[in-house]
Structures are given as C-alpha cells and as structure tokens.
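Only one structure is covered here, and it is reproduced in the block below.
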Amino acid sequence: MIRINENYTKLKASYLFSDIAKRVSAYVAANPAKPVIRLGIGDVTEPLPPVCVEALHAATDEMAKRGTFKGYGPEQGYAFLREAVAQHDYAARGCKIEADEIFISDGSKCDCGNIQEIFAQDIRLAIPDPVYPVYVDTNVMAGRTGASIDGRYQGITYLESTPANGYVPSVPNVATDLIYLCFPNNPTGAVATKAQLEAWVAYAKKNKAVILFDSAYEAYIRNPAIPHSIYEIEGARDVAIEFRSFSKTAGFTGTRCAYTVIPKSLMAYDAAGNAHPLHALWNRRHTTKFNGVAYPIQKAAAAIFTDAGKQQTSDLINFYLANAKLIRDAMTKLGFSCIGGDNAPYIWVNTGRDSWAFFDTLLEKAQVVCTPGAGFGKCGEGHVRISAFNSRENVETALTRIAAALK
Ligand code: PLP
C-alpha cells in the first residue's frame, strides 16, 4: 500500500493568500460596482528594465542560430553571471565571495525551501515570528517539527519580532543549529544593524550553527549604515549561507532568477563530529536535482550589473520606495505606529486590534486589500502588512479611501 508523507498533514490547513483571495472574491461578487485595490500580495507590478529586455532578445537570437545555440548549461550557472554577482554584489562591498561560491537558481523560494535537505533530521531550528512561511513549512514537510499547537509547531525556537524589540529578534538564550534570518524583512520591513548581525554571527560561531540569511530585499536598503549582506560581518563566511533574488531587485518574479552563496569555508558536522564543507553537499544536491536557469534569463539578469542596468534597477526600486513612503506617512498620520517602508517595500502597521478584523474593515470600507499579520505567525497578530508594489495612482487612491474609512 502506497503511503503519504504524513508530515504534510501537520501543515496548517489553510494558506494565508488563498484565505485572502476567498474573502476578496466573495466581496467582489457581492459588490461588483466597487473596484478593489490590492496592496496585499508581494508581487511586483512594473515591467522588466529595458536592459533586461534587450538582453533577453539578444540571447534569444543566439539560441536561434546553430553557431551560438546553447543546450544544457552548467547547473551552477554561467560564469558570466556568477562573476558579475561576485564583483558587483560582493567585492564592491568589501565581501570576499568567489564566483564559484555562487549557485544561480530559478528562485530564492526554492533555494530556501530546498536547503534544509543537506542538514540532519534532528537539528534544532530557530525561525522568526512573524515569518516568510516557506522556512517553517519546508521543515514541517521534512518532519523536523511536531504538531502545530496554538499556532506554534513543537520543536521550533521562535524568534519573536515585536514592538518591544523593534521587530528585530535578539539571539535566544538556548542553543540552536539552523537559524533563519531575513533582512530587510518580509513581512515587517525591519532591517538589522551591523551590531545586531554581529551578535548573530557570534552566536552561530559559539554554537557551531549555520545562519540562513535571506536578503531578497537588500536592494531596497537606502540607509548606508545598514549591511546588505551577512558577509559584511567579520567571520560570517564560516557560519552563513545567503539567499538573493532578482525578483524584487529587477522585477524577475515571472522571469525567475536568483542565487545562493555558500562559502567554501562553511562547515557542518557528521554524527562523529567530523567537519564537512556545505559547499560540496549543496553542489551535489544542485547538480543532481536542478538543471540550470535558461541562458536568456541569465543574460537578462547579468544586464542589471551594467551602468545602464544599475541606473534602471535603482529607478525601479526608488519608484516602489516612494510608494512605500506615501503609505507609511499616511498610516502614521492616521495614528498608527509603523515600521518598514524606508529600506523595504513593506510597511508593517501596528493596528492595535485583531488583524483579520482590520483586514475586513479596509476591504469593506475602503475596498483595499492588505495582508493580516496573523497569517505570518503569532507575533503578527495586531498588525497588517501593506505592500508598496503597485502603481502610484492605485497607492494614492487606496490611501485616500483608507483615510476616509478610518476617520
Ligand atoms: N524570500 C523572501 C523573504 C520573499 O519575500 C520572497 C518572495 O516573496 C522570496 C524569498 C522568493 O523569491 P523568489 O521570487 O526568488 O523565489
């Protein structure tokens, strides 16, 4: 008899965005004359930068000719992209990352979901709350947790982000082995200072732990004192893996390209205490289960590192950040305390009331969709996430409606 992986039955039955979609569809069906503005889901709205489109066309033409056609590429990514990333994203910030420590992939979602495969079953996890749900759910699927009781899976050390700690959790007072951190954060938009990241690197060193650092939103950092990479912290090469994505940097959510950095000096241990380089394990996993990102897509991604590409991506991000500022200023003016939006595309609003009730109020009275914080974890209760990914017109209309509705 074929049997299922019963860990899947531990996953919470409903999924946040499908719950939201159901409520929004029901509202739209009942109120067809009231157009809804969606500031909920974190997908970009602006088209690809022109440099990326030109590179896509040129690479497609190469694929059309016998002399320049390409079949399977290197699973880890073409050298031209790995070298551009090493130079522009790392060397330029003083981080020592070699091109062959960079693994190009089709998304940070897949990478931060798949990475846990190379670790033992019985490791101790530290995961933020609120959180990008992929970190939790993939470990639940792998059987590293117990059941979910009162919104919390047994066996996880939750790193609480609350108003009291400025939404940046400090190191726990228990030892853990695999630590998920995400800055700028989804959903809160919070960023971590150098000193805060130094404390995490020191904690990981002390516990022979590994930090999984998700910096999918690093391009939104505008405060020059905030690190863009965990490798800006002394010693991080020995304790951290970093995930980055072209999705929010250059509008690649539909085009798909990302990368994961695993320094060759990063070790993890077998049961006998012998050290093994994680680079070799991930290389084995990546080359066995993944066949590389399409050549035209990698060419399009590399185009963002040209002078024109840097200008266009910076303009794109400044556009979303200007939306974010409008949202944060408007919500603050209405009396809410907010974080995010200054170095991130998300604004985390402390609503002071049930997050689904606030969601319903905005939907019914302002026809604006936000994301209820409770969907991101227990500590998200009382908050909502508002996303800056939309047109200026929609953001301005949404804010006018919210102000009228909450007056
Ligand atoms: N990490 C975080 C924190 C995200 O918010 C997202 C997307 O929303 C991702 C990773 C996924 O990125 P990708 O589009 O590269 O899969």
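As the structure is a computational prediction, the values presented were derived from the model and not from experiment. Just follow the structure's listing: the first ligand is 1, and inside any ligand the first atom is 1.
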message: Less than 6.0 angstrom separating the ring centers of Phe389 and Tyr320, yes or no?
response: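 Phe389 vs Tyr320: aromatic centres under 6.0 Å.
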task: Establish, for the pair Lys248 and Tyr217, whether the NZ or CZ atom is under 6.0 angstrom from the six-membered ring centre and no further than 45 degrees off its axis.
output: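 No, a cation-pi geometry is absent between Lys248 and Tyr217.
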- prompt: Is NZ or CZ of Arg152 both nearer than 6.0 Å to the six-membered ring centre of Tyr158 and within 45° of the ring axis?
  reply: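 Pair Arg152/Tyr158 counts as cation-pi.
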Within residues 327-339 or reaching into it, pairs that qualify as side chain to side chain donor-acceptor pair (under 3.5 Å) - sequence neighbours excluded: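 Passing the test, one end in residues 327-339: Lys325-Asp329.
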Between ligand 1 and the protein, tabulate every N or O atom pair separated by less than 3.5 Å, reporting distance only.
{"residue": "ligand 1", "atom": "1 (N)", "partner": "Asp214", "partner atom": "OD1", "Å": "3.4"}
{"residue": "ligand 1", "atom": "1 (N)", "partner": "Asp214", "partner atom": "OD2", "Å": "2.6"}
{"residue": "ligand 1", "atom": "5 (O)", "partner": "Asn186", "partner atom": "ND2", "Å": "2.7"}
{"residue": "ligand 1", "atom": "5 (O)", "partner": "Tyr217", "partner atom": "OH", "Å": "2.6"}
{"residue": "ligand 1", "atom": "8 (O)", "partner": "Tyr217", "partner atom": "OH", "Å": "3.4"}
{"residue": "ligand 1", "atom": "8 (O)", "partner": "Lys248", "partner atom": "NZ", "Å": "2.8"}
{"residue": "ligand 1", "atom": "14 (O)", "partner": "Ser247", "partner atom": "OG", "Å": "2.6"}
{"residue": "ligand 1", "atom": "14 (O)", "partner": "Arg256", "partner atom": "NH1", "Å": "3.0"}
{"residue": "ligand 1", "atom": "14 (O)", "partner": "Arg256", "partner atom": "NH2", "Å": "3.4"}
{"residue": "ligand 1", "atom": "15 (O)", "partner": "Ser108", "partner atom": "N", "Å": "2.8"}
{"residue": "ligand 1", "atom": "15 (O)", "partner": "Ser245", "partner atom": "OG", "Å": "2.7"}
{"residue": "ligand 1", "atom": "15 (O)", "partner": "Ser247", "partner atom": "OG", "Å": "3.4"}
{"residue": "ligand 1", "atom": "16 (O)", "partner": "Ser108", "partner atom": "N", "Å": "3.2"}
{"residue": "ligand 1", "atom": "16 (O)", "partner": "Lys109", "partner atom": "N", "Å": "2.9"}
{"residue": "ligand 1", "atom": "16 (O)", "partner": "Arg256", "partner atom": "NH2", "Å": "2.8"}

task: Enter the distance from Ile104:CD1 to Ile297:CD1 here, rounded to the nearest 0.5 Å.
output: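 Rounded to the nearest 0.5 Å, the CD1-CD1 separation comes out at 13.0 Å.
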Tyr167 and Trp348 aromatic ring geometry - parallel, tilted or perpendicular at 30°/60° bounds: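 It falls in the perpendicular class, over 60°.
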